[in-house]
Amino acid sequence: MLTDKTVVLGISGGIAAYKAADIASKLTQAGARVEVIMTEAATRFITPLTLRSLTGRPVVTTMWELASEFSIEHVALAEAADIVVIAPATANIVAKIATGMADDMLTCTVLATKAPVVVAPAMNVNMWENPVTQDNLARLRARGFTIVDPTYGRLASGKIGLGRLAETETIIGTVKQVLGRNGDLAGKRIVVTAGGTQEPIDPVRHISNRSSGKMGYALAEAARDRGAMVSLITGPVSLPEPVGMEIVHVRTAAEMKAAVAKATAQADALVMAAAVADYRPKEVAPTKIKKDSAGLTLELVRTPDILAEVAGNFVRVGFAAESENVVANARQKLEKKQLDIIIANDITAVDSGFDVDTNRVIIIGREGEEEKLPLLTKREVADRILDRVVELLNRG
Ligand code: CTP
């Protein structure tokens with residue numbers, strides 16, 4: 001969440017400026033106070049009124065106007081900013097800030113601020129590929145600016161190439177990561193698993209479960225936003241890929257086990273939110289199984305228990321999805337798998353469990369302590385779990 005954060009959103013004059021409205025809107029929805037600065041060229045593409053309406057804040061377009069709240073002190077926004085984001089950044093603005101120019105409110109603010117700066121370029125592919133632009137970006141990177149690279153696709157010129165402004169989610173994810181880099185998990189390596197595994201029956205069929213991956217993804221993002229280096233090991237899910245972390249896609253329990261073993265070789269904590277299939281078909285048919293009036297019997301064998309079998313010295317967090325005797329069953333799993341914490345949830349409740357954005361869980365610790373949380377969003381649950389992980393890590 002970006003509550004209490006002041007985000008200065010700089011918009012420069014390219015056709016992608018219209019996308020800045022979406023960024024301003026989503027930043028505001030995430031709780032940030034968004035202060036927009038537009039270059040004169042940006043106002044040719046999108047009106048200050050649009051940004052003002054979305055952010056509920058005055059929009060700065062010039063250094064010379066007395067009506068604006070920030071017009072007197074030209075570095076006021078530079079000082080107020082927790083972070084400055086320039087999206088879209090044209091080749092021109094990149095060149096100006098790389099050389100320290102300060103001839104308008106946006107460049108002045110960038111030069112004067114001590115806050116981190118995120119730059120999301122968008123431009124014509126030839127401008128992007130021009131070595132002078134690449135040199136300028138390299139200079140900015142070397143000075144600690146974070147560059148959100150443009151993506152490949154159709155550009156305004158009709159050409160296909162690199163130069164499209166990164167997606168809003170990518171830019172906002174980067175903002176959260178940069179803001180959180182000195183958080184209480186800074187320097188820690190956290191491995192999170194998410195989603196259900198799929199155990200193939202034949203080339204077109206598999207056994208799986210209803211896990212959406214939402215709890216695991218929320219945990220991975222929350223850990224990232226607190227400064228952790230995150231490895232997210234995910235089964236097939238239909239969620240957008242979060243930015244700012246290593247993502248390993250797996251399908252089966254066996255693949256997940258191998259990925260977890262590799263990622264935990266250096267980890268401080270493992271959070272197993274994945275719903276690993278407990279059984280897999282003994283044989284995978286090499287060709288599609290044809291239907292038969294006699295029916296079909298599958299022989300199933302156990303998959304590896306990843307959490308119980310993974311070796312290493314790190315904080316271990318497991319989940320227990322239960323439909324009865326929730327706490328007692330969860331405690332048993334905590335003991336059996338030698339966990340530090342287990343998160344128990346009752347999957348029969350409609351507001352927690354599969355494919356919803358909320359969860360109602362009980363956090364159970366090794367010493368038997370129980371923390372019963374109210375109904376929270378999965379992101380809030382994630383942060384409460386990570387509070388406990390931080391405590392354990394600090395205890396050493
Ligand atoms: N887990 C695992 N490997 C498996 C199965 C589960 O690592 N093959 C992990 C899950 O990610 C979760 C915890 O173990 O963190 C859940 O334990 P488990 O006993 O497998 O729970 P259920 O599958 O719910 O067990 P049961 O079906 O026996 O209730």
Side-chain angles (χ1 to χ4, degrees), residues 190-200 206-220 222-223 230-237 239 248-265 267 269-282 300-312 314-349 352-355 359-366 378 381-382 384-386 388-389 392:
I190 311 285
V191 179
V192 179
T193 65
T197 63
Q198 294 181 350
E199 309 302 330
H206 60 249
I207 296 175
S208 192
N209 57 64
R210 289 179 52 205
S211 172
S212 65
K214 284 183 174 174
M215 192 62 239
Y217 276 55
L219 274 156
V230 178
S231 294
L232 172 63
I233 299 169
T234 175
V237 296
L239 298 173
V248 184
H249 290 277
V250 297
R251 185 173 179 215
T252 63
E255 285 171 20
M256 186 171 278
K257 184 183 180 189
V260 167
K262 191 163 171 232
T264 50
L270 166 65
V271 185
M272 278 290 302
V276 186
D278 289 320
Y279 296 93
R280 65 173 171 82
K282 187 174 181 200
L300 301 181
V301 294
R302 286 293 302 272
T303 56
D305 188 323
I306 301 171
L307 198 48
E309 292 171 21
V310 62
F314 42 80
V315 169
R316 289 160 189 262
V317 182
F319 277 74
E322 303 294 343
S323 52
E324 55 188 356
N325 302 328
V326 177
V327 172
N329 284 343
R331 272 192 198 292
Q332 257 182 15
K333 285 178 189 170
L334 177 126
E335 283 307 321
K336 209 172 103 202
K337 301 192 188 204
Q338 290 288 299
L339 307 179
D340 296 288
I341 306 170
I342 193 150
I343 318 302
N345 71 339
D346 181 348
I347 49 163
T348 60
S352 56
F354 298 114
D355 214 15
N359 210 349
R360 191 192 298 275
V361 306
I362 306 169
I363 304 181
I364 304 170
R366 213 169 187 12
K378 285 187 172 169
V381 171
R384 300 290 281 269
I385 295 168
L386 292 175
R388 298 290 291 270
V389 171
L392 288 168

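All ligand and atom numbering here is 1-based and tracks the order in the structure. These numbers were taken from a predicted model, which means no experiment stands behind them.
- The proximity of Thr303 to ligand 1, defined as any non-hydrogen pair under 4.0 Å, is limited to the side chain.
- If you look at Thr193 next to ligand 1, there are no close heavy atoms at all, none under 4.0 Å.
- Between Ile363 atom CD1 and Asn345 atom CG the span is 11.5 Å, to the nearest 0.5 Å.
- Tyr217 and Ser212 form no side-chain donor-acceptor contact under 3.5 Å, judged by distance and modelled atom types alone.
- In this structure, the separation between NZ on Lys214 and CG on Leu219 is 14.5 Å, given to the nearest 0.5 Å.
- Classification of Arg360 and Asp346 as a salt-bridged pair fails, no side-chain N sitting under 4.0 Å from a carboxylate O.
- In this structure, Ala320 falls outside the shell of residues with a heavy atom less than 4.0 angstrom from ligand 1.
- The protein heavy atom nearest to atom 3 (N) of ligand 1 is Ile306 N, 3.0 Å.
- Among all non-hydrogen protein atoms, the one lying nearest atom 7 (O) of ligand 1 is Leu307 N, 2.8 Å.
- Taking 4.5 Å as the limit, every side-chain heavy atom of Val248 sits out of range of all side-chain heavy atoms of Thr234.
- Side-chain N/O atoms of Arg280 and Gln198 include no donor and acceptor closer than 3.5 Å.
- Lys337 counts as a contact of ligand 1, since one of its heavy atoms falls under 4.0 Å from the ligand.
- The single protein non-hydrogen atom nearest to atom 25 (O) of ligand 1 is Lys333 NZ, 3.2 Å, given as residue, atom name and distance.
- Looking at atom 5 (C) of ligand 1, its nearest protein heavy atom turns out to be Asp278 OD1, 3.4 Å.
- Between the CD1 atom of Ile207 and the CG atom of Asn209 there is a distance of 10.5 Å, given to the nearest 0.5 Å.
- With hydrogens left out, the protein atom closest to atom 10 (C) of ligand 1 is Ala274 O, 3.5 Å, a heavy atom.
- Between the Ser231 side chain and the Val191 main chain, no donor and acceptor come within less than 3.5 Å of each other.
- Although no hydrogens or angles enter the test, the distance criterion places a donor-acceptor pair under 3.5 Å between the side chain of Thr193 and the main chain of Ala274.
- Checked by distance only, ligand 1 and Glu322 stay at 3.5 Å or farther apart across all their nitrogen or oxygen atoms.
- For the pair Glu199/Thr303, a side-chain contact is recorded, criterion being any heavy-atom separation below 4.5 Å from C-beta on.
- Among protein heavy atoms, the minimum distance from atom 13 (C) of ligand 1 is reached at Phe319 O, 3.1 Å.
- Residue Pro304 places a heavy atom under 4.0 Å from ligand 1.
- In terms of N/O distances under 3.5 Å, ligand 1 is approached by Met272.
- Contact atoms of ligand 1 toward Ala321: 24 (O) (distance under 4.0 Å to a heavy atom of the residue).
- Of all atoms in ligand 1, listed by their number and element, those nearer than 4.0 Å to a heavy atom of Gly318 are 15 (O).
- Nearest to atom 4 (C) of ligand 1 by heavy atom, out of Val310, Val276, Ile343, is Val276.
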